Amino acid sequence: MVYITSWDEFVDRSVQLFRADPESTRYVMKYRHCDGKLVLKVTDNKECLKFKTDQAQDAKKMEKLNNVFFTLMSRGPEADPAEVTGKDQMDAQPTKKGRGRKQ
């Protein structure tokens, strides 16, 4: 189990791994609050891909990867994950304006 240092390489290889064997591929997220580390793992019991980060900016990247996997799992491995970015869904939601205390 070697950690992949490049985010783009991790995403590309993860999608390829899922498309090769969608029945046995798993995607796991693990966050350790005491260390502030997030570890993403994609495996099919033959090959294991891992990505580790401690950057808060990578949370948005992780959300996009979740949307890619949700698309592939719901529409099938032949689906094009490029058409779902997650930003369209966020733009469609109305923004809430709270009635909190003015500062």
Side-chain angles (χ1 to χ4, degrees):
M1 286 188 276
V2 178
Y3 288 98
I4 298 175
T5 56
S6 168
W7 174 257
D8 294 328
E9 181 185 355
F10 176 73
V11 171
D12 291 339
R13 289 182 62 188
S14 298
V15 170
Q16 289 174 358
L17 189 66
F18 179 81
R19 286 187 169 156
D21 192 8
E23 293 295 320
S24 65
T25 302
R26 296 186 309 277
Y27 170 55
V28 179
M29 293 179 291
K30 182 166 64 170
Y31 179 71
R32 288 183 47 101
H33 181 70
C34 60
D35 297 335
K37 302 248 188 241
L38 174 70
V39 177
L40 305 174
K41 179 170 102 170
V42 179
T43 183
D44 67 348
N45 294 332
K46 299 173 196 138
E47 184 177 2
C48 182
L49 309 172
K50 290 178 109 178
F51 180 80
K52 179 171 39 173
T53 184
D54 59 355
Q55 302 295 316
Q57 309 150 0
D58 291 336
K60 284 287 185 189
K61 293 178 183 178
M62 183 202 61
E63 183 180 344
K64 289 180 183 179
L65 182 63
N66 283 341
N67 288 337
V68 167
F69 275 116
F70 289 152
T71 302
L72 291 173
M73 289 177 189
S74 63
R75 296 183 186 172
E78 291 80 25
D80 183 19
E83 61 192 36
V84 176
T85 61
K87 189 174 183 181
D88 300 332
Q89 297 167 355
M90 292 175 66
D91 291 341
Q93 296 176 352
T95 58
K96 294 182 180 179
K97 294 188 178 181
R99 294 185 171 214
R101 184 174 67 169
K102 291 185 180 180
Q103 296 181 355

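Keep in mind it's a predicted model, so treat the numbers as computed, not measured. Side chains included, hydrogens not; waters and symmetry mates left out as well; all remaining heavy atoms used.
Between Glu9 and Trp7 the shortest side-chain heavy-atom distance does not fall below 4.5 Å. Here the side chains of Val39 and Lys50 are in contact, with some heavy-atom distance below 4.5 Å. Looking at heavy atoms from C-beta onward, Cys48 lies in side-chain contact with Lys41 at the 4.5 angstrom threshold. Between Asp21 and Lys46, the closest side-chain pair of non-hydrogen atoms falls below 4.5 Å. No side-chain heavy atom of Tyr3 sits less than 4.5 Å from a side-chain heavy atom of Phe51. Counting heavy atoms from C-beta on, the side chains of Asp54 and Asp35 never come closer than 4.5 Å. Residues Arg19 and Leu72 form a side-chain contact, since some pair of their non-hydrogen atoms from C-beta on lies under 4.5 Å apart. Taking 4.5 Å as the limit, some side-chain heavy atom of Phe10 sits within range of a side-chain heavy atom of Leu40.
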Margin query: Between Leu65 and Tyr27, does the side-chain contact (heavy atoms from CB on, under 4.5 Å) criterion hold? Intermediate values first, please.
Written below: CA-CA 10 Å; Leu65 182 63; Tyr27 170 55; 3.6 Å; yes
Next item on the list: Report the C-alpha separation of Val15 and Val68 in whole Å, then their side-chain angles, then the decisive distance to 0.1 Å, and conclude whether the side-chain contact (heavy atoms from CB on, under 4.5 Å) test is met.
Entry: CA-CA 8 Å; Val15 170; Val68 167; 3.8 Å; yes
Margin query: Assess the residue pair Asn45 and Arg26 against the criterion (side-chain contact (heavy atoms from CB on, under 4.5 Å)); give the C-alpha distance rounded to whole Å, side-chain angles, the decisive distance to 0.1 Å, and a yes or no.
Written below: CA-CA 9 Å; Asn45 294 332; Arg26 296 186 309 277; 3.1 Å; yes
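Annotation for Tyr31: atom OH counts as buried by contact number, over 12 foreign heavy atoms lying within 6.0 Å. Heavy atoms of other residues, nucleotides or ligands lying less than 6.0 angstrom from NZ of Lys30 number 12 at most.
Taken to the nearest 0.5 Å, the CG atom of Leu38 stands 7.5 Å off from the CE atom of Met29. Distance check, rounded to the nearest 0.5 Å: CE of Met73 to OG1 of Thr25 gives 8.0 Å.
Linking Ile, Leu, Val, Met, Phe, Trp and Tyr residues whenever their side-chain heavy atoms come within less than 4.5 Å leaves Phe70 and Met62 in two separate clusters.
Ser14 and Leu49 make their closest contact through N-CD1, 3.7 Å (heavy atoms, listed as atom of the first residue, atom of the second, distance).
A donor-acceptor pair under 3.5 Å links the side-chain atoms of Asp44 to the main chain of Glu47, judged by distance alone.
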